[in-house]
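In what follows, chains are A, B, ... by sequence order, proteins preceding strands, each numbered from 1.
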Protein chains: 2
Amino acid sequence: MEKYLAVLKEHHFKITPRRKAVLELFLREKRYLGPYEIKQMLEKASLEVGLPSIYRILEELEGSGILVKIEHSSRRLYYSLCRNPQVSHHHFICSKCNKVEEVEFCNFSEISSFIEKKLNARVQHHSLHIEGLCSECRVENSS
Amino acid sequence: MEKYLAVLKEHHFKITPRRKAVLELFLREKRYLGPYEIKQMLEKASLEVGLPSIYRILEELEGSGILVKIEHSSRRLYYSLCRNPQVSHHHFICSKCNKVEEVEFCNFSEISSFIEKKLNARVQHHSLHIEGLCSECRVENSS
DNA sequence: GTTATAAATAGAAATCATTTCTATTTATAT
DNA sequence: ATATAAATAGAAATGATTTCTATTTATAAC
Ligand SMILES: [Mn+2]
Ligand SMILES: [Mn+2]
Ligand SMILES: [Zn+2]
Ligand SMILES: [Zn+2]
């Protein structure tokens, strides 16, 4: 937690009860979470937070590298904690339990140089969406 | 064109003037196109098509493998022609002129087996969003 | 060519996630 | 303690996408 609060300070964000509460939620949950779901979870913990505030906080946390945005096929917004923003990596999403796991691997430079050569283009960004069944859900499914 | 109409028939879709008109648009344009933009382009060609019909047609064409859906960072829907749906490949999007180019390359199996080993998970789907400047826009920019 | 049929379409309306706006409150530096 | 900019709530707006239904149309069978 301290680690993340420090990051917020670096980005000149104030440490507020709402920001802390949202952070705590993500530290506890391995699943990706959506704005409304977050609102309800905070309510259960007796903290009323307006939806616009939640949207704003999520954006700020993402901008600071603390959260990753997940573009769900439903086209709704979800977020989950990114535990290692420093190195280039990806995230594996379990389509059954919605768990998000770090994938400390990225071979994008291969595609990137293929494109730069073949298309004579300049590659700027990439994002990889990887979905499947996590170790637990995989077993459950085969029974 | 004939090739794509055949695909539609395989999928038991009727060959209608709207479907043909939408297809023609994509055959001419290298850019990705959005639903409303498509409506306007068809209007200019004197064909009135309702927005719901356009959304439906685009989904059908995507489901048939003729178009690729593009998840823009604005979170709006765009589509472009996929010229080779058979082999596993990706698409390069120019962030300046919106051109979409085929990338006949996919090294996803490396990440996939990394994940399956490291996380003991089952990988099911992946999609890669690659953005940058195409050969033309790259030059313009450096001037 | 007719006809029967399911599929396709238009247009109005609804949906609903997300964003905007503004008055009020709060964290924090001094 | 105080000043200040930042954060927040809540109401309202937005706007892309979807739903619904009556009407039209492509197509296959005759
Ligand atoms: Mn991460
Ligand atoms: Mn393609
Ligand atoms: Zn799982
Ligand atoms: Zn370009």
- Using a strict cut-off of less than 4.0 Å between a Lys/Arg side-chain nitrogen and an Asp/Glu carboxylate oxygen, indicate whether Lys20(B) and Glu24(B) qualify as a salt bridge. no
- Message: Within the 4.0 Å heavy-atom criterion, would you say Phe13(B) contacts the bases, only the backbone, or no part of the nucleic acid?
- Response: sugar-phosphate
- Complementary nucleotide of dT25(D), counting Watson-Crick and G-U pairs under 3.5 Å: dA6(C)
- Task: Report the distance from atom CG of Leu77(B) to atom P of dA17(C), rounded to the nearest whole Å.
- Result: 16 Å
- Are any of the side-chain nitrogens in Arg83(B) or Glu104(B) under 4.0 Å away from the carboxylate oxygens of its partner? no
- Message: I need the OH-P distance between Tyr79(A) and dA17(C), as an integer number of Å.
- Response: 15 Å
- Whole Å only: how far is the OH atom of Tyr78(B) from the C1' atom of dT17(D)? 14 Å
- Tyr36(A) OH to dC16(C) P: how many Å, rounded? 12 Å
- Does a side-chain N or O from Arg75(A) land closer than 4.0 Å to OP1 or OP2 of dT17(D), or not? yes
- Query: Taking the inter-plane angle between the rings of His90(B) and His126(B) on a 0 to 90° scale, is it parallel (under 30°), tilted (30 to 60°) or perpendicular (over 60°)?
  - Reply: perpendicular
- Item | Length of the line joining Lys9(A):NZ and dT28(C):P, which is rounded to integer Å | 7 Å
- Specify the separation, in whole Å, of atom NE2 of His12(B) and atom P of dA8(C). 12 Å
- Task: Go through Ser53(B) and Arg56(B) one step at a time and tell me if the side chain to side chain donor-acceptor pair (under 3.5 Å) criterion holds.
- Result: CA-CA 5 Å; Ser53(B) 296; Arg56(B) 191 177 20 73; 3.1 Å; yes
- Message: What residues from residues 46-72 of chain B pass a heavy-atom cutoff of under 4.0 Å to DNA chain C?
- Response: Glu48(B), Val49(B), Gly50(B), Pro52(B), Ser53(B), Arg56(B), Ile57(B)
- Item | Side-chain ion pair, Glu60(B) and Arg19(B), N-O less than 4.0 Å | yes
- Message: Between Glu136(A) and Lys96(A) (salt bridge meaning N to carboxylate O under 4.0 Å), is one present in this structure?
- Response: no
- Query: Looking only at side chains, do His89(A) and Glu102(A) share a donor and an acceptor under 3.5 Å apart?
  - Reply: yes
- To the nearest Å, give me how far apart CZ (Arg18(B)) and P (dG11(C)) are. 9 Å
- Roughly, in whole Å, what's the span from CG in Leu8(A) to P in dA27(C)? 14 Å
- Query: Can a salt bridge be assigned to the pair Glu71(A) and Arg76(A) using a cut-off of 4.0 Å between side-chain N and carboxylate O?
  - Reply: no
- Side-chain N,O (Thr16(A)) to OP1/OP2 (dT8(D)) below 4.0 Å: yes
Nucleotides 28-30 of chain D: which of its N/O atoms have a protein N/O under 3.5 Å away?
none

- Query: When the aromatic ring centroids of His129(B) and His72(B) are compared, is their separation below 6.0 Å?
  - Reply: no
- Earlier contact from the 5' end, DNA chain D, for Arg19(A) and Lys14(B): Arg19(A)
